[in-house]
Amino acid sequence: MTSQGSTRQPKYQRIADELRAAIRSGEYGPGDRLPGENDLMATYDVARMTARQALGVLQNEGLAEARKGAGVFVRAFRPLRRHGIQRLAQEQWGSGRSIWSTDSEDRELVVDQVEVYEQRASEEVVVALGVPDGSAVWVRSRRFVLDGKPVLFATSYLPSDVVADSAITRSDTGPGGTYARLAELGHKPVHFREEVRCRMPSVGEAERLALSMGTPVIQIVRTAFAEDGRAVEVNEMTLDSASYVLEYDFDA
């Protein structure tokens with residue numbers, strides 16, 4: 001018997017619920033083609049727009065992806081688990097490992113679209129780093145591609161008086177990355193703060209991360225502090241929300 005609540009649910013949402021359940025039960029596995037608009041119209045006696053909306057729900061949730069001229073398929077991409085605390089431990093970057101290796105595990109991670117340059121700090125960066133107006137900062141922007149799919153775009157801002165003439169101002173920072181180099185410069189990060197929010201992407205972000213229409217992004221802004229309390233890096237990260245699970249594991 002159908003409950004009163006479910007009868008009020010839009011038809012496209014009920015169809016999406018059934019398809020989602022079929023995906024989770026294994027009826028449709030990774031890479032399988034889902035019923036097309038014509039199939040859904042015939043099965044559920046609905047208009048094309050309703051069928052299209054149902055498939056759109058699954059695409060927006062990151063469960064399915066449209067392939068031009070071929071249909072809608074169950075996503076084969078396995079979401080990343082971002083270990084929010086363990087990845088920043090000194091034993092990670094201090095031993096020469098990238099903090100990103102904690103997330104990617106044994107999967108192929110490629111960093112591309114790397115840009116490194118110096119510029120005058122914006123008002124927001126001045127406040128975040130606690131530097132005087134007009135201060136110069138080094139900017140490191142890069143995109144992370146996992147298993148051939150763009151999943152993250154990150155831009156870091158670091159005070160020029162701290163990192164000038166160091167490996168941090170080059171594309172390849174060396175083993176352990178930026179935090180290992182900061183430690184060598186006498187500004188070892190000892191404390192981190194992350195702010196997390198979810199929003200819709202800009203057109204440029206959607207293109208850079210190859211996002212399906214309607215897919216939100218997760219924005220994480222991390223500030224790294226040295227032992228004297230000085231902020232030595234602000235990193236603005238934009239994540240494909242369908243590609244990530246944020247995991248925080250800590251003692252009571």
Side-chain angles (χ1 to χ4, degrees), residues 82 84-85 87-90 92-94 97-103 109-145 150-199 201-209 217-241 244 246:
R82 182 182 187 275
I85 295 178
R87 68 199 306 275
L88 295 174
Q90 183 180 341
Q92 180 72 16
W93 49 264
R97 296 193 302 271
S98 164
I99 64 173
W100 307 101
S101 64
T102 306
D103 304 335
L109 178 68
V110 175
V111 182
D112 69 2
Q113 299 186 6
V114 179
E115 295 181 26
V116 185
Y117 53 92
E118 189 177 26
Q119 69 175 26
R120 180 175 174 172
S122 67
E123 183 178 343
E124 292 79 9
V125 173
V126 163
V127 173
L129 288 177
V131 295
D133 287 339
S135 294
V137 293
W138 276 90
V139 184
R140 298 184 54 81
S141 68
R142 57 269 189 220
R143 187 178 70 163
F144 295 79
V145 181
V151 294
L152 164 71
F153 179 71
T155 302
S156 294
Y157 303 89
L158 303 105
S160 289
D161 65 309
V162 170
V163 304
D165 301 321
S166 73
I168 293 173
T169 65
R170 299 193 286 270
S171 295
D172 184 359
T173 56
T178 295
Y179 294 153
R181 302 293 80 76
L182 283 171
E184 292 168 357
L185 293 169
H187 299 277
K188 180 177 71 176
V190 298
H191 180 73
F192 298 93
R193 180 180 65 227
E194 288 192 343
E195 299 175 357
V196 183
R197 71 186 182 101
C198 190
R199 58 174 174 78
S202 67
V203 173
E205 289 170 336
E207 292 177 352
R208 202 159 196 177
L209 291 175
V217 292
I218 300 169
Q219 181 173 313
I220 301 177
V221 179
R222 180 175 67 238
T223 307
F225 298 90
E227 196 165 22
D228 60 2
R230 180 178 184 180
V232 290
E233 183 215 31
V234 174
N235 188 353
E236 297 179 353
M237 293 163 277
T238 304
L239 293 66
D240 171 7
S241 64
Y244 272 92
L246 305 186

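Just so it is clear, the values below take in all heavy atoms, side chains as well, and ignore hydrogens, waters and symmetry mates.
Looking only at side-chain heavy atoms (C-beta outward), Pro159 and His187 stay at 4.5 Å or farther from each other. Residues Leu158 and Leu182 meet the side-chain proximity criterion, which asks for heavy atoms closer than 4.5 Å. In this structure, Phe225 and Arg193 have side chains that are in contact, with non-hydrogen atoms separated by less than 4.5 Å. No side-chain heavy atom of Arg143 sits under 4.5 Å from any side-chain heavy atom of Thr238. In this structure, the side chains of Leu239 and Leu246 come closer than 4.5 Å at one or more pairs of heavy atoms. Considering only heavy atoms from C-beta on, Val125 stays 4.5 Å or farther from Val234 through its side chain.
Judged purely by atom type and a 3.5 angstrom limit, Arg140 uses its side chain to pair as donor or acceptor with the backbone of Ile168.
A donor atom on one side chain and an acceptor atom on the other are not found under 3.5 Å apart for Glu233 and Thr178.
Heavy atoms only, all atoms of each residue included: Thr173 and Gly177 are closest at OG1-CA, 3.2 Å. Pro150 approaches Val145 most closely through the heavy-atom pair N-CG1, 3.9 Å. Nearest approach of Val151 to Tyr244, heavy atoms of both residues: O-CE1, 3.4 Å. Closest of all the heavy-atom pairs between Trp138 and Ser160 is CD1-OG, 3.4 Å. Minimum interatomic distance between Ala164 and Thr169 (heavy atoms only, all atoms of both residues): CA-CG2, 4.4 Å. Taking every heavy atom of both residues into account, Ala231 and Ala128 meet most closely at CB-O, 3.7 Å.
Between the CG atom of Asn235 and the CZ atom of Phe192 there is a distance of 10.5 Å, given to the nearest 0.5 Å. Of the inter-residue distances, the one linking Arg197 atom CZ with Ile220 atom CD1 reads 12.0 Å to the nearest 0.5 angstrom.
Residue-environment remark: CG (Asp112) exceeds the threshold of 12 foreign heavy atoms within 6.0 Å. Atom CZ of Arg120 sits in a sparse spot, with 12 or fewer heavy atoms from other residues, nucleotides or ligands closer than 6.0 Å.
The one candidate from Arg222, Glu236, Arg142 that meets the side-chain contact (heavy atoms from CB on, under 4.5 Å) condition with Ser156 is Arg142.
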Candidate pair Glu118 and Val137, rule side chain to side chain contact (heavy atoms under 4.5 Å, CB included), full reasoning: CA-CA 6 Å; Glu118 189 177 26; Val137 293; over 6 Å; no

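Between Arg181 and Glu184 a salt bridge is recorded (basic side-chain N to carboxylate O distance below 4.0 Å).
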